[in-house]
Amino acid sequence: MNIITAFSNHNDTHQLCQDVIATLRKGSAQYDSEQFNILVVYFNVDHDVHLIHSALTEAFTCPVIMASSCQGAFAITPTGQHPTANLSVFGIIDPLGHYGVGYAKVNPASPDIAAQKAMQMAVSNSGRPYDAPSLVWTVMPPGQEEALIAGFSQIIGPNVPVFGGSSADNDVSGNWFQATCDVVAQDLVLVLVMHPSSALGYSYSSGYEPTEVNLVAQNCSARKIGLLNGQNAAHEYNAHTCGSISEALTGGVVLGNTTLHPLGRPIDSKMGITEYLLSHPDSVTAEGELCLFSTVAENQEFVLMKGSIEGLVKRAAVVAQNALDVLPEGRKPVGILMIYCAGCRLTIGDDVAAMQQAVLEQIGSIPVVAAYTFGEQGCFFDGKNRHGNLMISAVAFSQ
Amino acid sequence: MNNETEVLRENFALILRLKEQAEALRKESDMLLSGMRDILSAQTPEALYQNMFDVFASLIPYQTCFILAHETPGFMVCKTATDSRFLDTKWAVDDVLKRTLLGTPTAVFNARIQPAWQTLEHLTETTAAVLYCPFIDNNKTSIIVFCATEIGFYTQMHVATAERYREFTEQTLMSVQAKLEALQSQKLKKEREQVELSMVQSEKMASLGLLAAGVAHEINNPLAFVNSNFDALSGYMPSLAKFFAKTHCVLKSELPSEEKLLQIEALFNEYDIEMLMEDLQEISEDSKEGIERVCDIVKSLQAFTQDNDQDEAAVFDLNQCVADSLRLLKSKVKNTVSITQNLQKLPKLKGSAGKVNQVLVNLMVNALQAMDSSAQLQITTGHLDAPEIQQLHPDSECHTAGVTEQHAFVAIRDNGCGIAVDKLDSIFEPFFTTKPIGEGTGLGLYITYTLVQALGGEISVTSELNVGTEFTVTFPIPFTS
Ligand SMILES: Nc1ncnc2c1ncn2[C@@H]1O[C@H](COP(=O)(O)OP(=O)(O)O)[C@@H](O)[C@H]1O
Ligand SMILES: [Mg+2]
């Protein structure tokens, strides 16, 4: 198995694509002109999705999954890197492996049906229609990720790790895209089932630390919290976060204000280490309800988390390293596919370059592509697939 | 935020994870090793399979576990299963099974969609996820199948476990095979021993039946003349009684001594006492001989039926055995048969005389049955040294070890019909006979062969059609003698 990554930050969409296509071709030529099994593509919605789609699908015959990534996507190649390239591609060459792509339009009334359809399609396209996949990589439209994950497990069971992220635009205006060879749309769930010929390592984690503050959510509906510790949710949150959302207590977008103070759900692992699945408050309603990027159950107990720019900058390198560390001994890593929360990416701003530099220093010259997403799917040590916010994940491929 | 703490926590988590992996590995191998011990301690094939499945359960959890072996091209069949409903089910070799057979374990997330299960729908009620693991069994690839009720239960983690323990699994299965064979051959051996024992017994009974008539005759003859002797004896009794009564009267009378002597003298002559005494002497000697003959026959019969197998120290005198056997056969031997004996003095040999007698009787009966007119039976015993033995039994490996060992032999030679060359290989087989039903059982030589083996000896045969046959049995002479 070999991984070839390519990126371009050209302003001209045509040139952007040609750069990337050239790099990919050059890369695959190194390996006796082996074909790509799959291209995983992340791009900046400032560029026309249809132009990128047709350029890539004309240039390559292999399956493709594509998604928009918040303000560009991260790439490391053997010859260079960019933390927010307009187009970044992760190409897998694995003649002995099997990969299948499936997709379905998500009807908000029945997201699980879409997930099942997409999964069934991916499974039957994989050439291994009965085998349990090693891993599922997914792209989702933001909004109903938990139900989509549940839908996957209705087909292949709950034990196959699901990693990926919710597609993102640049300003949370809903301008995100998902695409495969066949379609380009804004409400697709994409599934890539992987049967790689060699081992994978993965890691899913946050860059935050728990505080002493515990908050119990009540009057919840879907992704809204009415009360925290019996008080108006917005007020209570504001009180514990040094007035981070004072300006929006009766309504407004708070995405940028809350990034360093997410709500964490403690997940106990059997090893005694508590991991935290994060929920990111994105807005406040006129009634002072707190809206999150993930579903909340009534009486959910939260721990208020705290983060720092420095922590988020250094964090990606640790997660990437963790994924490498769990590869079986003696396996040579050949590439890492990552997800980095768009909220974190916006919070660290220009430090995104330092974040990339930290990854590079940590793992050396292994090719990496990372997408900035509005929601992150992955699994912790306990093996359960989850949807969280402000998370970072990494899947390492090996030879 | 304190970054140091965060990194430390992460490192801690990683170390814990690696430690957990290492512990899991150690636990697995511990369980497997103790499982092996359990397997090898099984006493029945059923327990063996149960233990084997238990070992697999410690490796990979399952609801049902079974083994598929090759049957006809394109199909496999379930030969062993924890759930009897799977037994003897037939499996079409689909893509998944084929890949497994090519060497990679395969996890299927839902059996209900896999082609191989399509004809076994009733079994998918309790089966969703399936893990197939190949293993080499007698140079052929078979498959262990693990089934779970939950969709997607088996993951690549299980595939990796199966792969990691593949060699171990194969070894387990190999020891199961070996143990199974051992159990079966033990059982077979026991059964064979049982059959042999009863065959030896029944052949012995048959021989006894064959001999019974002759033996009765042998016993009858001396009994008859002992009887007539006693008739004669009782015939003499009245004269003897009168003689003694009259002698008594003479002795009691007042006659002078000379007169008494004269009268007794007269009585002695009158009753012919001298002749009577001679006759009595003769009768008692005769009767004694008759009784002794009966005793001998009874002893020979005892020698034939005695079973001192258990007696490690039992010894026999080969020449005595020849005499005993001949005595038992005497009545069977027609007057026209001339028997030549050429017996050399031999040391005592190890083994039960009963067995040796049975051997000799079998061989002699065969010889007698093979001859009709002008029959000549020749019995020879003597010593053989190593090279002679080598020449006699060239195929045998036994004597190469003790080249210097001395052997005793007995050869029974007849001038009967002989044995055709193509039959020569079969005569020691059980139930091989050329004789009509009622006369031959086909067991004689088979049992003879078995008995000779048990005695540590060897048997060989040379034969020429219509000229005659010679059977030679050799026994090692113990070093002590
Ligand atoms: N001395 C012999 N001469 C000729 N044939 C013999 C002799 N001994 C054995 N055989 C042949 O070997 C066969 C097997 O002998 P045996 O095992 O004693 O069984 P059975 O006497 O009941 O037939 C005989 O049927 C006969 O054909
Ligand atoms: Mg016979």
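Per chain, numbering begins at 1; letters A, B, ... match sequence-line order.
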Q: Determine the minimum heavy-atom distance between B/Phe109 and A/Pro133, stating which atoms define it.
A: CD2-CD, 4.4 Å
Q: Check whether any side-chain N or O of B/Glu150 sits under 3.5 Å from a backbone N or O of A/Gly157 as a donor-acceptor pair, and report yes or no.
A: no
Q | Taking every non-hydrogen atom, the tightest pair across A/Ala132 and B/Gln156 | A | O-NE2, 2.8 Å
Q) Under a 4.5 Å heavy-atom cutoff, which of B/Ala128, B/Ala129, B/Pro115, B/Ala160 has the most pairs with chain A? A) B/Pro115
Q. Are any of the side-chain heavy atoms of A/Arg128 and B/Asp95 separated by less than 4.5 Å?
A. yes
Q) A/Asn159 side chain to B/Gly152 main-chain N or O, any donor-acceptor pair under 3.5 Å? A) yes
Q: Can you spot which of B/Val130, B/Thr106, B/Val108 makes a side-chain contact (heavy atoms from CB on, under 4.5 Å) with A/Tyr130?
A: B/Val108
**Q.** A/Asp131 and B/Val96, any side-chain heavy atoms less than 4.5 Å apart
**A.** yes
**Q.** chain B contact via A/Leu135 - side chain, backbone, both or neither, heavy atoms under 4.5 Å
**A.** neither
Q) Which answer fits A/Pro129, side chain, backbone, both or neither, if we ask what part of it has an atom under 4.5 Å from a heavy atom of chain B? A) backbone
Q) To the nearest 0.5 Å, what is the distance between CD1 (B/Ile151) and CD1 (A/Ile155)? A) 7.5 Å
